[in-house]
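Step one of this worksheet: look at the structure below.
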Amino acid sequence: MTSGTKIGLALGVVAALGLAGVAAFYSVRGDAGNGSCSAARATAQRMAPLAKGEVAAVEIRSEPHPAPELAFNGSDGQPTTLAAFKGKTLLVNLWATWCAPCLKEMPALDALQREIGGPDFAVVAINIDTRNLDKPKAWLAENKVTALAYHADPQAGVFQALRKAYKVEGMPVSLIVDKSGCELAIIQGPADWAGADSKALMAAAMGK
């Protein structure tokens with residue numbers, strides 16, 4: 001074998017390894033860089049025909065993607081993030097006492113949590129009042145909203161994060177997130193979360 005042949009073979013091996021590396025990188029990245037949520041497509045497809053009636057305004061993601069990295073204070077008052085809830089399907093709701101439609105749907109969110117909340121599902125309601133910080137808890141107590149854990153973001157950074165990501169302008173706004181942290185759906189505006197349509201949609205989100 002001549003030296004030229006050896007060099008040619010060596011270059012061929014290097015090129016083949018390079019192509020294999022590119023292929024491996026692409027397969028790790030997955031479909032358009034969204035491989036981590038590719039399995040959520042089937043869930044979203046099951047949900048799509050159930051976005052009707054009381055939850056007709058829910059927008060199902062045709063291409064689910066990782067939920068925004070929302071940071072807020074947990075029920076113990078300590079900083080936490082949405083990622084801490086992985087392992088459960090979530091209905092993440094942003095609300096405030098100055099938002100009349102938010103207050104109207106809080107009892108329904110409370111009822112949904114009471115009925116189906118548990119190891120597989122949780123309503124994560126995040127208050128974004130920035131003043132009179134005792135008012136939200138007082139309102140919940142006065143209106144007997146007791147099943148929901150109290151989460152809060154007094155800087156309203158979670159709303160700004162959603163506004164930046166999705167051009168959200170109003171309240172309330174809610175996300176449906178699967179147990180792997182992939183966003184399945186979003187709704188801008190209120191819904192009757194305690195109704196039969198909502199429960200069917202949540203069951204599909206949980207894979208039931």
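All of these numbers come straight from a predicted model, not from anything done at the bench.
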Neighbour count >12 (heavy atoms, 6.0 Å) for atom NZ, Lys88: yes
Distance-only donor-acceptor check, side chains Arg41 and Ser62, under 3.5 Å: no
Non-hydrogen atoms of Ala44 and Pro64 that approach each other most closely: CB-CG, 4.0 Å
Sidechain-backbone polar pair: Asn127 side chain, Pro136 backbone, donor-acceptor under 3.5 Å: no
Whether Phe85 and His151 hold their rings parallel, tilted or perpendicular, with breakpoints at 30° and 60°: perpendicular
Under 3.5 Å: donor-acceptor pair, side chain of Asp197, backbone of Glu54: yes
Transitive ILVMFWY side-chain link Ile126 to Leu175, under 4.5 Å: yes
Side chain Asp178, main chain Gly181, donor-acceptor under 3.5 Å: yes
Single-linkage hydrophobic cluster Leu184~Val177, side-chain heavy atoms < 4.5 angstrom: no
Charged tip of Arg61 within 45° of Tyr166 ring normal and under 6.0 Å: yes
Asp129 side chain vs Leu133 backbone, donor-acceptor pair below 3.5 Å: no
Within-4.5 Å side-chain heavy-atom neighbours: Leu162 and Leu70: yes
Smallest separation among heavy atoms of Val58 and Ala185, with atom names: CG1-CB, 3.6 Å
Worked verdict on Lys179 versus Leu90 for side-chain contact (heavy atoms from CB on, under 4.5 Å): CA-CA 7 Å; Lys179 63 183 180 180; Leu90 307 174; over 6 Å; no
Cluster overlap Ile186 with Leu91, hydrophobic side-chain contacts below 4.5 Å: no
Donor-acceptor pair, side chain of Asp110 and main chain of Thr146, under 3.5 angstrom: yes
Test item: Glu59 side-chain N/O and Ile187 main-chain N/O as donor-acceptor pair under 3.5 Å: no
Glu115, CD atom: more than 12 neighbouring heavy atoms under 6.0 Å: no
Polar side-chain atom of Ser198 near backbone of Trp193 as donor-acceptor pair, under 3.5 Å: yes
Greater than 12 external heavy atoms within 6.0 Å of Asp76's CG: yes
Cluster overlap Tyr150 with Trp139, hydrophobic side-chain contacts below 4.5 Å: yes
Taking every non-hydrogen atom, the tightest pair across Val55 and Leu50: CG2-O, 3.8 Å
Backbone N/O of Val173 and side chain of Gln188: donor-acceptor pair under 3.5 Å: no
